[in-house]
Number of protein chains: 2
Amino acid sequence: MDSMAKILLAEDEPALGQIVKESLETKGFQVLLCKDGQEALDTYYQAKPQLLVLDVMMPKKDGFTLAKEIRMQDATIPIIFLTAKSQTQDVVEGFTLGGNDYLKKPFSMEELIVRIKNLLNHRKDQVPSEMSIGDYIFGFKQQTLTYKKEEPIKLTHREAHLLFHLHNNKNQVLDRSIILKKLWGDDDFFNARSMDVFITKLRKKLKRDERIQIVNVRGFGYKLIC
Amino acid sequence: MDSMAKILLAEDEPALGQIVKESLETKGFQVLLCKDGQEALDTYYQAKPQLLVLDVMMPKKDGFTLAKEIRMQDATIPIIFLTAKSQTQDVVEGFTLGGNDYLKKPFSMEELIVRIKNLLNHRKDQVPSEMSIGDYIFGFKQQTLTYKKEEPIKLTHREAHLLFHLHNNKNQVLDRSIILKKLWGDDDFFNARSMDVFITKLRKKLKRDERIQIVNVRGFGYKLIC
DNA sequence: AATCAGTGTTAACGAGTGTTAACCGTTTTG
DNA sequence: CAAAACGGTTAACACTCGTTAACACTGATT
């Protein structure tokens, strides 16, 4: 299984990229090495790898921006970020949940391999594609909400991710800034307002079961009650 | 209350499973014994237990993988892992946060029972979602006050928390500074006045049942009488 | 190339929530 | 009794959030 896995590696420093590529290949992975973010995005669409290893600082498109675009296409593909130690902790942490992980440079190859194997193996188990919310069934990967036996309601990427995090923290207050960093990568005024819009959209789509509520906690965040 | 608690026990070794099941049953728990991870997952969905005791090493689906899936459904259900001593410490520790705990095999039944009771009791303290105050039903989680069969009155976050603390200390004087520190994080002049405003608001919303009163104890705090 | 549908962002306005100030009566203190 | 302290209540205010709609961007289709 692992032996066939296709890995996309985006690293702008040629020497490092080559070493990592070769090391991974000796472990039986197929490695696609890209030297900048744009090339990585193109390669992603073309080759559909099972896992991404992205340098954060890259020409043309940085790792986070790239990751966000790819997450629009695939909500669950595991991503490992390679970060320089100068990278601030909190920015990185915003990305580490979900199918993500990160490694600080310099890192050992063993460590990278362990994490790759871990993400590839446990992936299927980590995100059970369907979860129940009240009388709804929420298909995260399918991006659908199904009320009892009715026609599934389609969710957009943002809606599905937002609901996913709310559900993971159901009956607890989920901090605005945590959601914003996870979904938008940053916490600024406009993102915050955008998020409010999606809360409205989710409330509409969830209103068939009145036991389910998304309650606001002023100044802190939202709480999914079910 | 505990006596009615449903516990899911997943343990692949039949002899051990049977012993634990019977021991817990003599303590008044209802025990659902499953012999592998897959069966446990099915049983979980069907029976909705209040607590899980999972062997880590099991056929079909190991305890950690199982726990992850169940956590997607319920982020707060307490889980106790049973681990062989060969299990490395650090792997186990990754799972001990949240509502989790673990026991190294071999373990004593007393120890298991203590931990079960501990987790079940703590949990109840954490979220007794509904409590009755006179003829009202106070939904703390839902932030509502329902008088008999009428339309629920909505409470704001502050109102709900304030009432929650008053109710937790009903018929006793609750010190001003304690509430202020818990709800406002600090005890200063302005917060104190703000709190008085909320007391007024609560009194209004509680006035349908005249047996309920929020009495001021000059210089000390408030007392909820019901 | 032009149009269209889907998605996400920005803007604008109104409603909800919490804080502060002001005024009042009551109780305590000197 | 007068002054001070305390608390009740209301209203004004500032800030946050809910909601709608317009707009921008992307891909797909014709």
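Residue numbers start from 1 in every chain, and the chains themselves are labelled A, B, ... in the order their sequence lines are given, proteins ahead of strands.
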- Message: I want to check something: taking the side chain as every heavy atom from C-beta on, are A/L16 and A/L82 in contact at a cut-off of under 4.5 Å?
- Response: no
- Compare side-chain N and O positions of B/R176 against OP1 and OP2 of D/dG7 and report whether any pair is under 4.0 Å apart. yes
- Item | Given DNA chain C, 5'-ward residue of the pair B/F190 and B/F198, judged by closest heavy atom | B/F198
- Message: Could you tell me how far apart A/D175 (CG) and D/dC17 (P) are, to the nearest whole angstrom?
- Response: 11 Å
- If you look at every strand shown and take non-hydrogen atoms under 4.0 Å, does B/F189 touch a base, only sugar-phosphate, or nothing? nothing
- Between CG of A/D187 and P of C/dT9 the distance, given in whole Å, is 14 Å
- Taking atom P of D/dG8 as reference, at what distance in whole Å does atom CD1 of B/I214 sit? 10 Å
- Do any side-chain nitrogens or oxygens of A/Y222 fall under 4.0 Å of OP1 or OP2 in D/dT16? no
- Message: I need the CD-C1' distance between A/Q143 and C/dT7, as an integer number of Å.
- Response: 11 Å
- Message: Mind checking if B/R218 touches a base, just sugar-phosphate, or nothing, with heavy atoms under 4.0 Å?
- Response: base
- Task: Tell me yes or no: between the side chains of B/Y222 and B/N169, is some donor less than 3.5 Å from an acceptor?
- Result: no
- Item | Salt bridge A/K148-A/D209, side-chain N to carboxylate O under 4.0 Å | no
- Item | Spacing of A/L162 atom CG relative to C/dG8 atom C1', expressed in whole Å | 13 Å
- Message: Determine whether a donor-acceptor pair (N or O, by modelled atom type, separation under 3.5 Å) exists between the side chain of A/K205 and the backbone of A/K154.
- Response: yes
- Query: Hey, is the side chain of A/K201 poking within less than 4.0 Å of OP1 or OP2 on C/dT9, counting only N and O atoms?
  - Reply: no
- Quick one: which of A/F140, A/F138, A/F198 gives a ring-ring contact (aromatic ring centres under 6.0 Å, His included) with A/H161? A/F140
- Message: What contact category does B/T200 fall into here, base, sugar-phosphate, or nothing, at under 4.0 angstrom with non-hydrogen atoms?
- Response: base
- Hey, does B/N216 reach any base, or is it just sugar-phosphate, or nothing, if we go heavy atoms under 4.0 Å? sugar-phosphate
- Item | Between P of D/dT16 and NE2 of B/H157, the distance in whole Å | 16 Å
- Item | Nucleotide D/dT16, atom C1' - distance to CE of A/M195 in whole Å | 13 Å
- Item | C/dG18 phosphate, OP1 or OP2, under 4.0 Å from B/T156 side-chain N/O | yes
- Note on the structure: A/L202 atom CG is separated from C/dG8 atom P, nearest whole Å, by 11 Å
- Note on the structure: Closest of D/dT10, C/dG18, D/dG18 to the B/V197 side chain is D/dT10
- Message: Apply salt bridge (charged side-chain N to carboxylate O under 4.0 Å, His left out) to residues A/D55 and A/K35 and explain how you reach the verdict.
- Response: CA-CA 10 Å; A/D55 191 3; A/K35 60 186 178 304; over 6 Å; no
- Tell me what B/K154 touches on the nucleic acid: a base, only sugar-phosphate, or nothing, going by heavy atoms under 4.0 Å. nothing
- Item | Short side-chain N/O contact to C/dG8 OP1/OP2 from A/W184, under 4.0 Å | no
- Message: With a cut-off of less than 4.0 Å, is there a side-chain N or O of B/R193 near OP1 or OP2 of C/dG18?
- Response: no
- Query: Between C/dG18, D/dT9, C/dT10, which nucleotide has the shortest distance from any of its atoms to the side chain of A/S194?
  - Reply: C/dT10
